[in-house]
Structures are given as C-alpha cells and as structure tokens.
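Below: the structure, in structure tokens.
Labels below follow one simple rule: chain letters A, B, ... track the order of the sequence lines, proteins then strands, and each chain is numbered from 1. Owing to the predicted nature of the structure, the values given are computational and were not obtained by experimental measurement.
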Number of protein chains: 2
Amino acid sequence: MPQLRQSALRNRLLAALTAEDFARLAPHLAETPMTIRECVITSDQPIAHAYFLEDGLVSLIADTREGRVEIGLVGREGMIGVPLLLGTDRTPHNAMVQADGTALRIAAAELCAALDASAALRGVLGRYVQTLIVQVGQTVYANADYNIEARLARWILMTQDRLGRDELPITHDFMAMMLGVRRPGVTTALHILEGTRLIQAKRGRVIVLDRAGLMDFASDSYGPAEAEYERLFGEG
Amino acid sequence: MPQLRQSALRNRLLAALTAEDFARLAPHLAETPMTIRECVITSDQPIAHAYFLEDGLVSLIADTREGRVEIGLVGREGMIGVPLLLGTDRTPHNAMVQADGTALRIAAAELCAALDASAALRGVLGRYVQTLIVQVGQTVYANADYNIEARLARWILMTQDRLGRDELPITHDFMAMMLGVRRPGVTTALHILEGTRLIQAKRGRVIVLDRAGLMDFASDSYGPAEAEYERLFGEG
DNA sequence: CGCGTCCAGTACGATTCCGGACAAAGGCGC
DNA sequence: GCGCCTTTGTCCGGAATCGTACTGGACGCG
C-alpha cells in the first residue's frame with residue numbers, strides 16, 4: 001500500500017500522535033470504505049479492527065429487543081473500537097455508518113501491541129475515551145432536560161462538526177431513531193428550525209444556514225462535550 | 001497504616017487485581033471516610049486522588065447552569081477518578097457522595113506510575129471504564145424509552161447492587177434530581193412500586209422487598225450494563 | 001416538649017410528546 | 001412517461017410529565 005503521510009490525514013487522532021507512534025501504526029493501517037447502514041461493529045461480536053475515520057459518520061447505538069437509541073457520534077475527530085483500548089474485544093453496543101466515508105483500519109492485535117509499547121499512544125487514545133464519556137454524558141443531560149427542537153439542533157451541530165460540511169445527508173426517520181423520538185416529531189421540529197432560518201430542509205438532507213443560531217437554540221445541550229475535546233486535542 | 005489484605009477488601013476492582021499489582025498499589029492506599037453530599041471530584045478541578053469505594057455510593061453528575069443529571073453510579077464495584085486512567089487530570093463532571101461510606105484512596109501520581117508499570121493493571125481498570133461507558137449508555141436508553149416508574153425501579157436496583165443492602169437511604173428529592181424529573185413524579189412512582197409490594201417507602205429511605213419484581217418492572221432498562229460488568233469481572 | 005426544618009403527599013391546569021394513521025410529493029427504475 | 005417506493009407533511013385523541021403551590025407529618029434540636 002502507498003506510504004501514509006501523517007500530515008495528509010484528516011483523522012484528528014492520528015494527527016495528534018507523535019511521529020514515532022504514527023510510524024508504529026502506519027504499516028498496519030489500511031484504507032477502508034464505509035457505506036451507509038453498514039455495521040462496523042456488531043454488539044457482542046469480537047471486534048476485529050479499530051477504525052480511524054477519515055470521512056463519514058458513525059453512530060454508537062445501544063439497541064435491545066424494545067428499542068434503539070444513539071449514545072454517541074463519531075467522525076474524523078475520533079475512532080471506532082474503543083473497547084479494544086479498554087482491554088476487551090467486544091461490547092453490547094453497535095457502531096453503524098450514518099454517512100458514507102472512508103476509514104483507516106487496523107487489526108485489533110496490532111493496535112493492542114502498539115498500545116502496550118507506547119505510553120504516549122495510550123495517552124492520546126485514552127483522552128479520546130474521556131471525550132467520548134463526556135459526549136455520552138451530555139446526551140443523558142440533553143435527553144433529560146431539553147425538548148426535541150433543542151436536541152435536534154444539538155444533533156445537527158454535532159453532525160456538522162464531524163462531517164465538516166454544511167449539507168448533511170439525513171432523513172427524518174434517521175434523526176428520529178437517533179434522538180429516540182417519533183418521526184413526525186422531527187418533521188415538526190425541523191420546521192421550527194427552518195422557520196427561523198437556522199437550517200434549510202430538503203428531501204433527505206439538511207443544510208445548515210446559521211450555525212451560531214443553532215448554538216443559541218441548543219443552549220447548554222451543546223458545548224460541554226465539544227469544549228472537552230478542544231481542551232484535550234485543541235492544540236494537536 | 002495497617003497492612004491491607006487483599007482478600008479482606010470489599011472493593012471488587014482491588015479484589016480483581018493480580019497479587020503483584022495489588023502489592024504495587026497497597027502502600028499508597030489510605031482509608032478515607034466519605035460523607036453525604038461531599039464532592040470527591042469537582043468539575044474542571046485537578047483530581048488529586050482516585051477512590052476505590054469500600055462502602056457507600058457516589059454519583060457522577062453532569063451539571064450546567066440550567067440543571068444537573070446523574071450519568072453514572074459508583075459503589076464498591078468501581079472507582080472514582082476514571083479521567084486519571086485516561087490521561088487527563090480533570091473532567092467536566094462532578095462526583096458526589098450519595099450515601100456515607102469509606103474508600104481507599106491513592107494519589108494521582110502514584111496511580112499513574114503504577115499504570116505505566118503494569119499492563120495487567122491497565123487491563124483491569126480499562127475494563128472498568130468499559131463497564132462505565134455501557135452504564136452511561138444504558139442511562140441514555142432508559143431516559144429515552146422508559147417512563148418514570150421503570151427508571152425508578154432501575155435506579156433502585158442499581159443502588160441496591162452497589163450498597164449491598166435492602167434499605168437505601170434516599171429522599172424523593174434526591175431521586176428526582178438523579179433521574180432528572182420532578183420531585184412529585186418520584187412520589188407518585190414510588191407509590192406505584194409500593195402498591196405492588198415491590199418496595200416499602202419510609203421517610204428518607206426505600207426498602208427493597210421484591211427484587212425480582214423490580215427487575216420485571218424495569219424491563220430492559222436494567223440488565224445490559226450489569227451483564228457487561230459480570231462478563232468482565234464475574235470470575236474475579 | 002414545643003418549634004422549626006426537612007420531607008412526603010396531593011392537586012390542577014398547561015404542555016409536550018406519543019401512537020397511529022393517512023395523504024401528498026419527490027425521485028428512481030423501467 | 002408511468003408506476004412504485006421512499007420520504008415528508010398533517011391530523012387527532014390521549015397519555016405522560018411538567019410547573020407550581022400548598023398541606024400535613026416526621027424528626028431533630030434546644
């Protein structure tokens with residue numbers, strides 16, 4: 001495979017590694033396409049690879065017999081396969097692709113070997129786990145204290161952050177599942193956001209018009225998790 | 001301080017350590033009382049110590065200007081100070097004591113040194129982080145898909161697990177804050193649980209009468225997180 | 001033993017959101 | 001251009017929960 005140049009990567013975790021750590025991982029990283037609705041990790045199944053996203057969007061989903069909810073969102077700021085960092089090869093959650101993209105993936109064994117060899121690598125990826133915990137915690141808070149419109153604004157902002165574009169390829173149905181609400185509830189909430197010109201909704205996509213306005217609308221449901229990421233990776 | 005014997009400890013994480021890892025930590029562990037409403041970790045402040053709980057209950061709380069919600073619950077099955085494991089010395093969350101108890105605490109620097117020295121220690125504590133992520137994820141799910149009574153049943157079960165007693169020293173006000181609902185909502189929900197003889201409510205405490213019945217009531221909101229803990233620590 | 005404080009119980013209108021159903025419209029394949 | 005499937009828009013009654021306020025009882029303290 002072609003030589004990977006660290007500076008050419010979009011993944012913020014790989015970019016934050018020391019040159020030495022990157023050199024350790026690079027030989028094992030393979031570019032992999034991700035297509036929508038694909039499950040890159042399936043609940044309670046062995047995790048064969050970790051994925052460093054270059055583009056696209058993946059949801060971490062808790063689903064049981066009686067329903068499913070999104071608990072976390074990962075884009076090129078993060079990675080899929082956190083349980084591997086934490087000493088286990090499986091998890092009850094699913095990781096499902098929400099927007100097409102590509103990832104650099106590495107076999108579980110290679111990642112674990114690199115982790116054992118480098119405290120600096122453990123530090124970078126550990127800090128990512130911290131940001132993920134804060135993100136999930138923020139989701140608990142948002143679901144408890146905010147109405148659908150605010151949570152939708154938060155979700156749109158998070159998605160925009162991770163995709164790095166203003167046009168988000170998302171249907172109402174998907175957003176409803178992610179937020180754990182009824183689909184018509186999303187339709188109505190989108191109309192409200194559209195009415196104040198914060199977004200423009202088209203069939204199958206949402207276009208962000210006024211990011212600052214969305215942040216106002218989302219209030220404290222958006223922000224803390226993002227601040228934690230910037231604190232830990234902002235300089236990197 | 002007196003010699004600590006690993007087999008005499010109630011904390012399940014310390015009990016799960018190898019003898020070698022325990023010996024590494026033991027000289028630095030100091031028994032510390034925890035009193036109700038004390039914040040053992042304050043948001044965005046440096047974390048000086050990690051706490052391995054021997055008894056008592058601590059909540060992880062996300063609070064902002066506009067509200068606070070519990071995102072996780074820790075007892076003798078766990079530890080406080082997870083960010084230290086993940087390469088940072090602070091977090092936006094608070095850790096507040098909900099029931100008096102004691103903990104064995106260790107200075108951050110000593111813990112980090114031990115982590116650097118032992119892959120096995122990293123494994124045990126990393127797996128605890130995994131169980132914590134699943135617990136928080138389960139809270140997202142419970143808040144999205146279950147009514148107050150079921151969530152209350154879940155919370156009572158989790159508290160009972162962690163305290164190891166049937167009598168839980170908890171006021172309605174506290175439960176309301178933890179679940180992110182109104183206080184009278186808790187009163188009503190408790191009456192429903194009491195009506196079916198699952199619990200008995202007294203002033204300032206709840207007594208579990210029928211644990212199996214509570215599990216039925218909580219349905220899928222309770223279980224997955226606990227199964228994950230047993231999978232990772234069940235034999236230990 | 002009496003007072004003050006914390007805690008539990010109750011009420012009620014307002015509001016959000018659900019559950020389910022159905023109709024319109026966009027867009028793709030043929 | 002036609003038909004079909006997906007997606008979106010809309011409607012309704014009903015349930016859950018909220019916000020707020022007030023009452024009465026339990027407990028601790030002096």
Side-chain H-bond candidate by donor/acceptor type, B:Thr64 with B:Arg68, under 3.5 Å | no

Indicate whether any N or O donor in one side chain lies under 3.5 Å from an N or O acceptor in the other, for B:Thr139 and B:Arg151.
-> no

Round to a whole Å and report the spacing from CD1 of B:Ile192 to C1' of D:dA15.
-> 13 Å

Not counting sequence neighbours, which residues clear ring pair (Phe, Tyr, Trp, His ring centres under 6.0 Å) with A:Phe174? List them please.
-> none

Residue whose closest nucleotide on DNA chain C lies nearer the 5' end, A:Glu149 versus B:Ile170 | B:Ile170

With sequence neighbours excluded, residues passing salt bridge (charged side-chain N to carboxylate O under 4.0 Å, His left out) with A:Glu77 | A:Arg162

Name the nucleic acid region contacted by A:Gly204, choosing base, sugar-phosphate or nothing; use a 4.0 angstrom heavy-atom cut-off, strictly under.
-> sugar-phosphate

Side chains of residues 52-62 of chain A: which donor-acceptor partners sit under 3.5 Å, not counting sequence neighbours?
| from | atom 1 | to | atom 2 | distance (Å) |
| --- | --- | --- | --- | --- |
| A:Glu54 | OE1 | A:Arg10 | N | 3.2 |
| A:Glu54 | OE2 | A:Arg10 | N | 3.1 |
| A:Glu54 | OE2 | A:Asn11 | N | 2.9 |
| A:Ser59 | OG | A:Glu70 | OE2 | 2.4 |
| A:Ser59 | OG | A:Gln98 | NE2 | 2.7 |

Measure all distances between protein nitrogen or oxygen atoms and nitrogen or oxygen atoms of nucleotides 21-27 of chain D, and list the pairs falling under 3.5 Å.
| from | atom 1 | to | atom 2 | distance (Å) |
| --- | --- | --- | --- | --- |
| D:dG25 | N2 | B:Arg203 | NH1 | 3.0 |
| D:dA26 | N3 | B:Arg203 | NH2 | 3.4 |

Nucleotide range of DNA chain C contacted by chain A, 5' to 3', under 4.0 Å to a heavy atom?
-> C:dC17 to C:dG27

Roughly how bent is the helix from C:dC1-D:dG30 to C:dC30-D:dG1 end to end, in steps of 10 degrees, with each end axis from five pairs?
-> 40°

If only atom types and distance count, is the side chain of A:Ser219 paired as donor or acceptor with the main-chain N or O of A:Met215 below 3.5 Å?
-> no

Mind checking A:Leu190 for me? I need base, sugar-phosphate or nothing, with any heavy atom below 4.0 Å counting as a touch.
-> nothing

Test ring pair (Phe, Tyr, Trp, His ring centres under 6.0 Å) applied to A:Tyr141 - qualifying residues, sequence neighbours left out = A:Tyr146

Please give, in whole Å, the distance from D:dT17 C1' to A:Ile148 CD1?
-> 14 Å

Look at A:His191 and D:dT10 and indicate whether a side-chain polar atom (N or O) is within less than 4.0 Å of OP1 or OP2.
-> yes

Those residues that, when tested against B:Arg165, pass side-chain hydrogen bond (donor to acceptor under 3.5 Å, both in side chains) (two or more places apart) = none

Please report, rounded to the nearest Å, how far the C1' atom of D:dT7 is from the CE atom of A:Met175.
-> 11 Å

Enumerate donor-acceptor pairs with a distance under 3.5 Å from any side-chain N or O in residues 36-43 of chain A to protein atoms, sequence neighbours excluded.
| from | atom 1 | to | atom 2 | distance (Å) |
| --- | --- | --- | --- | --- |
| A:Glu38 | OE1 | A:Thr35 | N | 2.9 |
| A:Glu38 | OE1 | A:Thr35 | OG1 | 3.4 |

Residue mapping more 5' on DNA chain D - nearest nucleotide basis, A:Ala144 or A:Thr171 | A:Thr171

Between A:Ser221 and A:Gln138, what is the shortest heavy-atom contact and its length?
-> O-NE2, 3.1 Å

Rounded distance (Å) that lies between atom C1' of D:dG9 and atom CD of A:Glu194 | 12 Å

Counting only N and O atoms by type, is there a donor-acceptor contact under 3.5 Å from the side chain of B:Thr88 to the main-chain atoms of B:Leu86?
-> no

For nucleotides 12-14 of chain D, tabulate all protein N/O to nucleotide N/O atom pairs closer than 3.5 Å, reporting atom names and distance.
none

For the pair made of CG in A:Asn143 and P in D:dT17, what is the distance, rounded to whole Å?
-> 14 Å

Using atom types as modelled, flag every donor-acceptor pair under 3.5 Å from a side chain in residues 204-212 of chain B to any protein atom, sequence neighbours excluded.
| from | atom 1 | to | atom 2 | distance (Å) |
| --- | --- | --- | --- | --- |
| B:Arg205 | NH1 | B:Glu167 | OE2 | 2.8 |
| B:Asp210 | OD1 | B:Ala212 | N | 3.4 |
| B:Asp210 | OD1 | B:Gly213 | N | 2.8 |
| B:Arg211 | NH1 | B:Gln160 | OE1 | 2.5 |
| B:Arg211 | NH1 | B:Asp161 | OD1 | 3.2 |
| B:Arg211 | NH2 | B:Asp161 | OD1 | 2.7 |
| B:Arg211 | NH2 | B:Tyr222 | OH | 3.0 |

Measure from CZ on A:Phe174 to C1' on D:dT8 and round the result to the nearest Å.
-> 16 Å

Is it true that the side chains of A:Arg183 and A:Thr187 contain a donor and an acceptor less than 3.5 Å apart?
-> yes

Go through the structure and list residues passing side-chain hydrogen bond (donor to acceptor under 3.5 Å, both in side chains) with A:Thr91, not counting sequence neighbours.
-> B:Gln130

